[in-house]
Amino acid sequence: MNDPAPPGSCNSIDDLAAALQAEGYFADRRLATAVFLALRLQRPLLLEGEPGVGKTELAKALARVLARQLLRLQCFDGLEQREALYEWNYTAQLLHLRAHEGVASASALEQEVYQPRYLVRRPLLQALEAPTPGALLLIDEVDRADEPFEAFLLEYLGEYQVSIPELGTIRAAVPPVTILTSNRTRELSDAIKRRCLYHWLDYPERERELAIVRALVPQAPTALADQVAAFVQQLRASPHGAHFQRAPGIAETVEWARALVALDTVVLDPEVVVDTAGILFKQRDDVAALDRALAEQALQASQAGA
Ligand SMILES: Nc1ncnc2c1ncn2[C@@H]1O[C@H](COP(=O)(O)OP(=O)(O)OP(=O)(O)O)[C@@H](O)[C@H]1O
Ligand SMILES: [Mg+2]
């Protein structure tokens, strides 16, 4: 056995998986390996996967494991550097100018308004300035940002430094642990993929999903939790999965288990499945597709596989 590790230093893949689990996150071996390597090699980790498979949650849990401050940059179409990196607080600068007008020279005033205290720090800059042990930077849904922003990000990830014309270069004392997530609404550039370690986060296998349901919905009776996990697996797999546009994610499974508990459900039956289909699916056609006949078939199949 290794010596007890100081917080945040996981000596093996198993240690890391156990530490994540202690924070309520269940990772399979492949994911734990990807995270372990990203930490060891100090490379950003790009996680791609369907909605609700635990991409964002991994970053949150890892921040807790590493006792690092979580800084999250939520990407969207039209995201600009000033929202991601920094901007000057123009209002405060203007007030400063007004208050000192006629008192200080123009050049002195110019220096005064470009002080760090008038700098509004956004997540990418905060991540460079985070005190030891450094930050965990989550660049969430990077596929939603546009290509120019992606190019800028590439530069940032390459150097972990930023040059602010009025203040100089700010370099990370401790590079942030960086996780990027993508739902794949568009293909990311090869350049950014090359910069990162890549992991495709798939739907969990049944045992792991059951463990998540048990951990997050402890009030669910064991038999019900079993049935929920098995049933959702059936809905994702062929042939039943073919009826749906978007399979339920882990988030939906957990929410469904909570709803069933709230309804005092002890055993799944086709009726309760149809009545609660709106929790498993978020698209009208998918909700409609889960009719009584399909619910019955999938229930039978999930019980046969149990
Ligand atoms: N491996 C896991 N262990 C524990 N809980 C999980 C796991 N994966 C997902 N969850 C649960 O599912 C919820 C949704 O996960 P999360 O928000 O991370 O999905 P996502 O992949 O980021 O989805 P989206 O692409 O829609 O943002 C989490 O809040 C958490 O409760
Ligand atoms: Mg997410």
Taking every non-hydrogen atom, the tightest pair across Asp286 and His243: OD1-O, 4.2 Å
Proximity of Tyr156 and Tyr160 rings by center, below 6.0 Å: yes
Side chain to side chain, Leu260 and Ile279, heavy atoms closer than 4.5 Å: no
Salt bridge Arg30-Asp202, side-chain N to carboxylate O under 4.0 Å: no
Side-chain donor/acceptor of Asp143 to backbone N/O of Arg184, under 3.5 Å: yes
Glu159 bridged to Arg171 by N-O distance under 4.0 Å: no
Side-chain ion pair, Glu255 and Lys282, N-O less than 4.0 Å: no
Salt bridge present between Arg292 and Asp269 (N-O < 4.0 angstrom): no
Same apolar cluster: Phe26 and Phe36, side chain cutoff 4.5 Å: no
Atom CD of Glu271: over 12 foreign heavy atoms under 6.0 Å: no
CZ on Arg40 to CG on Leu197, rounded to 0.5 Å: 13.5 Å
hydrophobic_cluster_shared for Leu180 and Leu128, side chain cutoff 4.5 Å: yes
Atom pair SG/CG of Cys10 and Asp15 - distance to nearest 0.5 Å: 6.0 Å
Side chains of Phe281 and Arg246 in contact at under 4.5 Å (non-hydrogen atoms): no
Beyond-backbone contact of Ile139 with Leu124, side-chain heavy atoms, under 4.5 angstrom: yes
Salt bridge present between Arg122 and Glu83 (N-O < 4.0 angstrom): no
Distance, nearest 0.5 Å, that separates CG of Leu58 from NZ of Lys55: 11.0 Å
Lys/Arg N to Asp/Glu carboxylate O, Asp140 vs Arg72, below 4.0 Å: yes
Closest non-hydrogen atom pair, Ile164 against Trp88: CG2-CZ2, 4.1 Å
From CD (Gln297) to CG (Asp291), nearest 0.5 Å: 8.5 Å
Cationic N near anionic O, under 4.0 Å, Arg214 to Glu209: no
Closest non-hydrogen atom pair, Val213 against Ala257: CG1-CB, 3.9 Å
Gly134 to Ala130 - nearest heavy-atom pair and separation: C-CB, 4.1 Å
Residue pair Ser182, Glu141: steps toward the side chain to side chain donor-acceptor pair (under 3.5 Å) verdict: CA-CA 5 Å; Ser182 162; Glu141 308 190 352; over 6 Å; no
Flag, side chain of Gln234 to backbone of Ala298, donor-acceptor distance under 3.5 Å: no
All salt bridge (Lys or Arg N to Asp or Glu O under 4.0 Å) counterparts of Glu23, not counting sequence neighbours: Arg64
Contact summary for Leu216 and Arg258, nearest pair of heavy atoms: O-NH2, 3.5 Å
Side chain to side chain, Leu62 and Leu16, heavy atoms closer than 4.5 Å: yes
Phe231 side, atom CZ; Gln303 side, atom CD - distance, nearest 0.5 Å: 10.0 Å
Arg68 side chain to Pro133 backbone, donor-acceptor under 3.5 Å: yes
Stepwise side-chain contact (heavy atoms from CB on, under 4.5 Å) test for Glu187 and Lys193: CA-CA 10 Å; Glu187 193 71 36; Lys193 285 189 181 160; 2.4 Å; yes
Rounded distance [0.5 Å steps], CD in Glu57 versus CD1 in Ile212: 9.5 Å
Whether Gln161 side chain and Ile170 backbone form a donor-acceptor pair below 3.5 Å: no
Single-linkage hydrophobic cluster Leu235~Val273, side-chain heavy atoms < 4.5 angstrom: yes
Check against side chain to side chain donor-acceptor pair (under 3.5 Å), Tyr198 and Glu48: CA-CA 8 Å; Tyr198 177 84; Glu48 277 194 332; 2.7 Å; yes
pair Thr178-Leu45: side-chain heavy atoms closer than 4.5 Å: no
Working for side-chain contact (heavy atoms from CB on, under 4.5 Å), residues Leu31 and Trp200: CA-CA 9 Å; Leu31 174 60; Trp200 172 261; over 6 Å; no
Donor-acceptor pair, side chain of Gln115 and main chain of Glu112, under 3.5 angstrom: yes
Minimum heavy-atom distance Arg186-Ala145, with the two atoms named: NH2-O, 2.8 Å
Ser189-Glu150 side chain donor-acceptor pair, cut-off 3.5 Å: yes
Atom CD of Glu155: over 12 foreign heavy atoms under 6.0 Å: no
Evaluation steps, side-chain contact (heavy atoms from CB on, under 4.5 Å), between Leu119 and Leu167: CA-CA 10 Å; Leu119 193 66; Leu167 293 181; 3.9 Å; yes
Aromatic plane relationship, Tyr118 with His96 - under 30° parallel, 30 to 60° tilted, over 60° perpendicular: perpendicular
Salt bridge flag under 4.0 Å for residues Arg208 and Glu205: yes
